[in-house]
Amino acid sequence: DFLENFYAITIMPFAEKCRAYNALYEESGVEYETLLTTYEYLKKELSEEIEEFPFSKEAITQLNTEIASMQARIQRKAERAFIQDAVNQTMTEMGYSVLGRKSVVNRRGHRFQKELYDFGAGCGINVICDEQITMELGGLGREDRVPDEVESHILTEQMAGFCNSYKGIEQKLKELGVAIERVSILPPEPMYAQIINTNDYDMEHSVEYFDAVRHQNITVSKKYLQRDGD
């Protein structure tokens with residue numbers, strides 16, 4: 001009686017599970033193994049920890065979901081790398097040299113690059129390459145602060161000068177295959193004037209820091225030279 005009960009309660013259900021497992025593996029085993037291989041490869045590409053997915057219908061569904069998510073992330077990563085290279089090439093060809101770089105992680109956990117280019121006269125162009133390319137011109141400084149009224153006026157003039165060069169940058173990016181609607185630039189208005197703290201970047205070169213007084217003196221000197229020339 002004990003053996004009959006054990007057979008009915010334990011052995012038969014277990015044997016039925018084995019038959020169901022074998023039938024499912026014959027039907028979906030190849031798909032599962034292919035998905036698992038793809039999953040492990042993508043995880044290594046992203047340098048992420050590989051999780052265990054024992055064979056089951058649920059595992060196949062989970063693997064499909066994980067693979068789709070990783071493929072989308074890898075595609076975004078490749079797009080950002082392509083855009084970053086295009087921006088670097090464009091800015092270099094336009095005569096702007098790299099001063100420093102900074103790697104940043106946004107609120108969604110995506111890593112992107114910020115690069116600081118030399119604009120001259122103590123100013124720099126901060127280029128942010130995330131899903132959108134943003135270009136900001138500001139005075140170079142050693143601390144986080146808001147520019148005063150005089151500085152804002154001078155920086156606004158510098159921003160207007162950069163806007164004149166922006167059409168050339170836009171055209172070169174377009175030639176390299178970067179959609180122009182992905183590029184934005186702050187308008188030359190005092191409210192967007194800023195001081196860029198170089199301490200936030202891994203600087204590659206020494207820089208000339210923004211000095212409003214010196215900038216005004218240079219501007220006045222140029223005016224006198226123009227008058228003398230007249």
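- By the rule that hydrophobic residues join a cluster once side-chain heavy atoms approach within less than 4.5 Å of another member, Leu176 and Val98 end up as members of separate clusters.
- Shown here for Pro188 and Cys163, the closest heavy-atom pair between the two residues is CD-SG, 3.7 Å.
- Contact record, Ile196 with Gly124: CD1-O, 3.8 Å, taken as the closest heavy-atom pair.
- The backbone N or O of Gly141 sits less than 3.5 Å from a side-chain atom of Thr198, completing a donor-acceptor pair.
- Atom CD of Glu115 and atom CD of Glu204 lie 8.0 Å apart (nearest 0.5 Å).
- Tyr39 OH to Ile67 CD1: the interatomic distance, rounded to the nearest 0.5 Å, is 9.0 Å.
- No side-chain heavy atom of Leu186 sits under 4.5 Å from any side-chain heavy atom of Phe162.
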### Task
Evaluate side-chain contact (heavy atoms from CB on, under 4.5 Å) for Phe55 paired with Leu36, printing each intermediate quantity in order.
CA-CA 10 Å; Phe55 175 72; Leu36 188 62; over 6 Å; no
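- Taking CE from Met159 and CD1 from Ile154, the interatomic distance works out to 13.5 Å, rounded to the nearest 0.5 Å.
- Separation of atoms CG (Leu63) and CD (Glu33) is listed at 10.0 Å; rounding is to 0.5 Å.
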### Query
Does the pair Tyr192 and Gln194 meet the rule for a side-chain hydrogen bond (donor to acceptor under 3.5 Å, both in side chains), with working shown?
CA-CA 6 Å; Tyr192 296 116; Gln194 61 178 307; over 6 Å; no
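- Using a 4.5 Å heavy-atom cutoff, the side chains of Ile169 and Met91 are in contact.
- Minimum interatomic distance between Cys123 and Asp118 (heavy atoms only, all atoms of both residues): O-OD1, 3.6 Å.
- You'll find the side chain of Phe119 stays beyond 4.5 Å of the side chain of Asn126, heavy atoms only.
- In this structure, the side chains of Asp200 and Asp144 come closer than 4.5 Å at one or more pairs of heavy atoms.
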### Task
Report the C-alpha separation of Leu99 and Met203 in whole Å, then their side-chain angles, then the decisive distance to 0.1 Å, and conclude whether the side-chain contact (heavy atoms from CB on, under 4.5 Å) test is met.
CA-CA 6 Å; Leu99 295 176; Met203 301 299 290; 3.8 Å; yes
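- For the residue pair Asn88 and Tyr96, no side-chain donor N or O sits within less than 3.5 Å of a side-chain acceptor on the partner.
- Between Ile60 and Glu31 the shortest side-chain heavy-atom distance falls below 4.5 Å.
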### Query
Run the side-chain contact (heavy atoms from CB on, under 4.5 Å) check on Glu51 and Gln62 step by step: do they pass?
CA-CA 11 Å; Glu51 299 178 22; Gln62 290 175 326; over 6 Å; no
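- Across all their heavy atoms, Glu208 and Leu140 have their closest contact at O-CD1, 3.7 Å.
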### Task
Could you walk me through whether Ser103 and Gln113 pass the side-chain contact (heavy atoms from CB on, under 4.5 Å) test, one step at a time?
CA-CA 5 Å; Ser103 183; Gln113 191 83 358; 4.0 Å; yes
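- Judged by distance alone, with hydrogens and angles left aside, the side-chain atoms of Ser47 form no donor-acceptor pair with the main-chain N or O of Lys43 at under 3.5 Å.
- Cation-pi geometry between Arg142 and Tyr209 is met: the NZ or CZ atom falls under 6.0 Å from the ring centre, inside 45° of the normal.
- Within 6.0 Å of atom CD in Glu175, more than 12 heavy atoms from other residues, nucleotides or ligands are found, so the atom counts as buried in its surroundings.
- Looking at heavy atoms from C-beta onward, Arg80 lies in side-chain contact with Arg76 at the 4.5 angstrom threshold.
- A distance-only check finds no donor-acceptor pair linking the side chain of Ser69 to the backbone of Thr65 [under 3.5 Å].
- Counting heavy atoms from C-beta outward, Val127 and Lys114 have side chains that stay 4.5 Å or more apart.
- Side-chain atoms of Glu93 and Gln89 include a donor-acceptor pair closer than 3.5 Å.
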### Task
Take Glu151 and Arg145 through the salt bridge (charged side-chain N to carboxylate O under 4.0 Å, His left out) test and state the conclusion after the steps.
CA-CA 12 Å; Glu151 291 174 327; Arg145 66 179 181 85; 2.9 Å; yes
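- When side chains are defined from C-beta on, Lys102 does not count as touching Asp202, because their heavy atoms never get closer than 4.5 Å.
- Ion pair Arg73/Glu48 flagged as a salt bridge, since at least one NZ, NE, NH1 or NH2 atom sits closer than 4.0 Å to an Asp/Glu carboxylate oxygen.
- Listed for the Gln171 side chain is no donor-acceptor partner under 3.5 Å among the backbone atoms of Gly168.
- Atoms CZ and SG, from Phe82 and Cys129 in turn, are 11.5 Å apart once rounded to the nearest 0.5 Å.
- Contact between Tyr32 and Phe53 at its shortest, heavy atoms only, is OH-O, 2.5 Å.
- Across all non-hydrogen atoms, the minimal contact from Ala121 to Gln158 is CB-NE2, 3.6 Å.
- To the nearest 0.5 Å, atom CD of residue Glu136 and atom CG of residue Leu116 are 10.5 Å apart.
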#### Entry: side-chain hydrogen bond (donor to acceptor under 3.5 Å, both in side chains) assessment of His153 paired with Glu157
CA-CA 7 Å; His153 175 72; Glu157 292 180 344; 3.2 Å; yes
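- Grouping the Ile, Leu, Val, Met, Phe, Trp and Tyr side chains by contacts below 4.5 angstrom, directly or via other members, places Met191 with Leu137.
- In this structure, Glu49 does not pair ionically with Lys44, as no charged nitrogen and carboxylate oxygen lie closer than 4.0 Å.
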